[in-house]
There are 2 protein chains.
Amino acid sequence: MSDVPRISRQFSQRSVMEAIVQGGPISRASISKLTGLSKQTISEIVRGLEQEGWVQETGRTSGHVGRTAVTYELVHDAAYIIAVDLGGTKVRVALTDLACQIFAEAATPTDPRGGQFIIDQIAALAFQAAARERIPRKKIRLAVIGAPGAPDPATGRILLAPNIAGFDAMNVLDAFEKALGVAVMIENDVNLAVLGENWLGQGQGIDNLAYIALGTGVGSGLMLGGHLVRGATHAAGEIGFMPIGADPFAAESLRTGAFERAVATHAMTERYRSLTGAQVTVPAIFENAAMGDKAALAVLDETARYLAQGIAAIAAVANPEKVILGGSIGLRPEILSRVKALISLCFPYPVTIEAGELGARAALIGAAAIGLGQLHNTLFGVDAPDGRISLPTAQAAALKEVVL
Amino acid sequence: MSDVPRISRQFSQRSVMEAIVQGGPISRASISKLTGLSKQTISEIVRGLEQEGWVQETGRTSGHVGRTAVTYELVHDAAYIIAVDLGGTKVRVALTDLACQIFAEAATPTDPRGGQFIIDQIAALAFQAAARERIPRKKIRLAVIGAPGAPDPATGRILLAPNIAGFDAMNVLDAFEKALGVAVMIENDVNLAVLGENWLGQGQGIDNLAYIALGTGVGSGLMLGGHLVRGATHAAGEIGFMPIGADPFAAESLRTGAFERAVATHAMTERYRSLTGAQVTVPAIFENAAMGDKAALAVLDETARYLAQGIAAIAAVANPEKVILGGSIGLRPEILSRVKALISLCFPYPVTIEAGELGARAALIGAAAIGLGQLHNTLFGVDAPDGRISLPTAQAAALKEVVL
DNA sequence: TGATTAATTCGTTCTGTAACCGAACTTATT
DNA sequence: AATAAGTTCGGTTACAGAACGAATTAATCA
């Protein structure tokens, strides 16, 4: 309400930047046509952006009638962000430049000592990567951390994250900002996965999207109407507690949710044990199933049956256009095919179900996406919390190759 | 992207209007303090608004040091909107002025012939009411229709609305616009109910809110992060199809959802019949329960048990701060108390559950809310689809009395 | 007690500036 | 000759900010 000085330029500057980011090398005349702003204004804004070092001349057009045009492009290395996917067993760290190119991805086991050790580990990884790529620290503007649990931006704590030792008691946000020396955003890892798939994966152009990560536990990230859904206490997507599959009124369901006890790793191994007496890992169950083991096949069928019900519940509540499966179990084609067949038997409206395209890196890419969006917002645009930039997909293709 | 001419004034004008709407009679100096805009600018904007007939002088301040100030107020009758709640059995029509005062509420049985007859009926009701209140047609700017089903803004059709005859085949939006002669918005009735409770009822100031309407059928409206959730095909909240309570893989569940078959009217009467052999109505079951009838009490217990599970599912997916119960069954205190007791047994995080405060009029009030927001947006502000105005609550209190 | 002065707030006028637009014009190219 | 790119110039709009007059109450003083 208060303090609204001269916002107009910010708006225009932002759309000019968006045109340049997406249009690759582009002339000022083209920007003018794209944005609807006058040529004169575009020249002014581009001059400003060039002086501040965000864009640069890259060449001239040729081969058409009329005067040649000078083309402008992003200065790719004008700023960098750190993207982190912090899991219970693995940490992934990547650096992204302004043009959405990912450098220097690194993945190592999470420091088992937890707490501050993890934070130092991540900072070390990030700075090593920066040094290797000769990226000066000053150019790193932001870090986005994906982690399990419900990060509370008010207190900087992460709630409901039993997987990571020592995080429940500390102000994780502050600790990261101190260790990294830049602004830090913390977000639930599955939420980032939806963003990642929405940007570069299965969910491109889809505004109503659900991502279900199924592995040791279950979690879901929801994008509705183009916005990430976080819920009142940032616990949206904790679908492990859906009353599906096991008795929700059993005392145990208050600790480990009914749905989680029906579909996650432990459920599958237990189910196999009760059928055969043998205690084997989940990958082994998939292997056995591939060799025709009836018990293993039954386990897959039953797991898929509950998963389909879970998807039906999500679809009934939120009506996503597509549901993307991820996580070590959710990514298996054996599960996907079964769930696809079952969903139409228990839910009347069409829901597309696909496996994630980005695999285990979905959250990391999502972190990059949200970070780039945030960076563009703070640097060039209105500081609206939900102002979305459309990141370029062209360079993104290159990115995929770089990273894989 | 294109066509962004002179948007600044719109922004300022909008916040000035917001200050006047909420601040009641207010001086230009106060508006300046509230908005942060200079006194000079406020004078200019207010002068413009006055010339266009949206605000007017109402008096002067007195009793304090310093010069007296001229106060300005909304011209209440500068514009009106029609709010309609179209149900399977009843139609409610109301007229609202710019100051959010509701006039001339009328409720009559829905024309059983369906289709165009209903539309004509609503138009007649609206125009009668306008005539009675001497409201000139020209001042009616917008109509908001709440109806069961999933209105598709692209085609103007309403899908999934079996309750209302003849609506599946026609372009309802066009028909309404023709009959009423104003712009029309169609929205799901339960979605409007959340908005209503969010504006004036149980959900005031709560950005993450779920509304469950339980009666002949079940439906849910979801507000997450301050935005209404509609889903990909505007079918979000069709929670009747959650795989809870009955076998979701039964063929019947594809027609009438498992959850609906577990909690709605028919489920309760069937349950009572299977226990006693007697076929009675739902109100009778509540009466019998009040008199100690064990079968009736068992029916209530079981219904509440399933309802609690449904709420747990919604809470697990969307994490609302509060869940509001509505509909003929959901509003009963016998159900509320049972569900409140049961929810903490099957869901680990706190969820507040309350009965709706606006009763059967929630959707109508929601229609007024969304219409007023839209009107303020188109008249005074940026035409952003999600630009929310904060409607005044002060006058709203008066409204409640007017309507009841 | 009344008159005078001080303090305070309201609202306007005037000047200045940033951010645009549009037309006219120059320059470069096919 | 036609066309497209880019600049220059003039003009408008939406603001800010300072200065100032107007209106009112509070305090002071004769």
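Just so you know, these numbers use all the heavy atoms, side chains as well, and skip hydrogens, waters and symmetry mates. The chains referred to below are lettered A, B, ... by the order of the sequence lines, with proteins before strands, and numbering in each begins at 1.
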Please report the distance, rounded to the nearest Å, between [atom1] in [X] and [atom2] in [N].
{"X": "B:Ile45", "N": "D:dA14", "atom1": "CD1", "atom2": "P", "answer": "9 Å"}
{"X": "A:Glu57", "N": "D:dA5", "atom1": "CD", "atom2": "P", "answer": "15 Å"}
{"X": "A:Arg60", "N": "C:dT29", "atom1": "CZ", "atom2": "P", "answer": "6 Å"}
{"X": "B:Arg28", "N": "D:dA23", "atom1": "CZ", "atom2": "C1'", "answer": "14 Å"}
{"X": "A:Gln13", "N": "C:dA19", "atom1": "CD", "atom2": "P", "answer": "9 Å"}
{"X": "A:Ile31", "N": "D:dA5", "atom1": "CD1", "atom2": "P", "answer": "12 Å"}
{"X": "A:Leu37", "N": "C:dA19", "atom1": "CG", "atom2": "P", "answer": "13 Å"}
{"X": "A:Arg47", "N": "C:dA19", "atom1": "CZ", "atom2": "P", "answer": "13 Å"}

Please check if any side-chain donor atom of A:Ser62 sits under 3.5 Å from a side-chain acceptor atom of A:Thr68, or the reverse.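 No pair is found: no donor N or O on one side chain lies under 3.5 Å from an acceptor on the other.
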Does C:dA19 have its OP1 or OP2 closer than 4.0 Å to a side-chain nitrogen or oxygen of A:Ser12?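 Result: no.
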Under 4.0 angstrom between A:Lys33 side-chain N/O and D:dA5 OP1 or OP2: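 So the side-chain polar atoms of A:Lys33 do come within 4.0 Å of the phosphate oxygens OP1 or OP2 of D:dA5, strictly under.
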Between [X] and [Y], is there a donor-acceptor pair closer than 3.5 Å when you use the side chain of the first and the backbone of the second?
{"X": "B:Glu133", "Y": "B:Ala130", "answer": "no"}
{"X": "B:His376", "Y": "B:Leu372", "answer": "yes"}
{"X": "A:Asn198", "Y": "A:Gly203", "answer": "yes"}
{"X": "B:Glu321", "Y": "B:Asn208", "answer": "no"}
{"X": "A:Ser32", "Y": "A:Arg28", "answer": "no"}

Using heavy atoms and a sub-4.0 Å distance, could you list which residues of residues 63-73 of chain A are near DNA chain D? By number, please.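 A:Val65, A:Gly66, A:Arg67, A:Thr68, A:Ala69, A:Val70, in order of number.
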Nearest listed nucleotide, side chain of A:Ser43, among D:dT7, D:dA16, C:dC10: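 Closest nucleotide among those given: D:dT7.
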C:dC20, D:dA16, D:dA5: which one has an atom nearest the side-chain heavy atoms of A:Ser27?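 So the side chain of A:Ser27 is nearest to D:dA5.
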For nucleotides 22-24 of chain C, print each protein N/O atom paired with a nucleotide N/O atom at under 3.5 Å, atom names and distance only.
none

Taking only distance into account, with no hydrogens and no angle test, what donor-acceptor pairs under 3.5 Å do side-chain atoms of residues 137-145 of chain B form with protein atoms, sequence neighbours excluded?
from     : atom 1 : to      : atom 2 : distance (Å)
B:Lys139 : NZ     : B:Asp77 : O      : 3.2

Begin with the C-alpha distance, continue with both residues' side-chain angles, and end with the deciding distance and a verdict on side chain to side chain contact (heavy atoms under 4.5 Å, CB included) for B:Ile20 and B:Ile31. CA-CA 8 Å; B:Ile20 295 177; B:Ile31 299 174; 3.7 Å; yes
Give the ring-plane orientation class for B:His227 versus A:His227, where under 30° counts as parallel, over 60° as perpendicular and anything between as tilted.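 Answer is parallel, since the angle falls under 30°.
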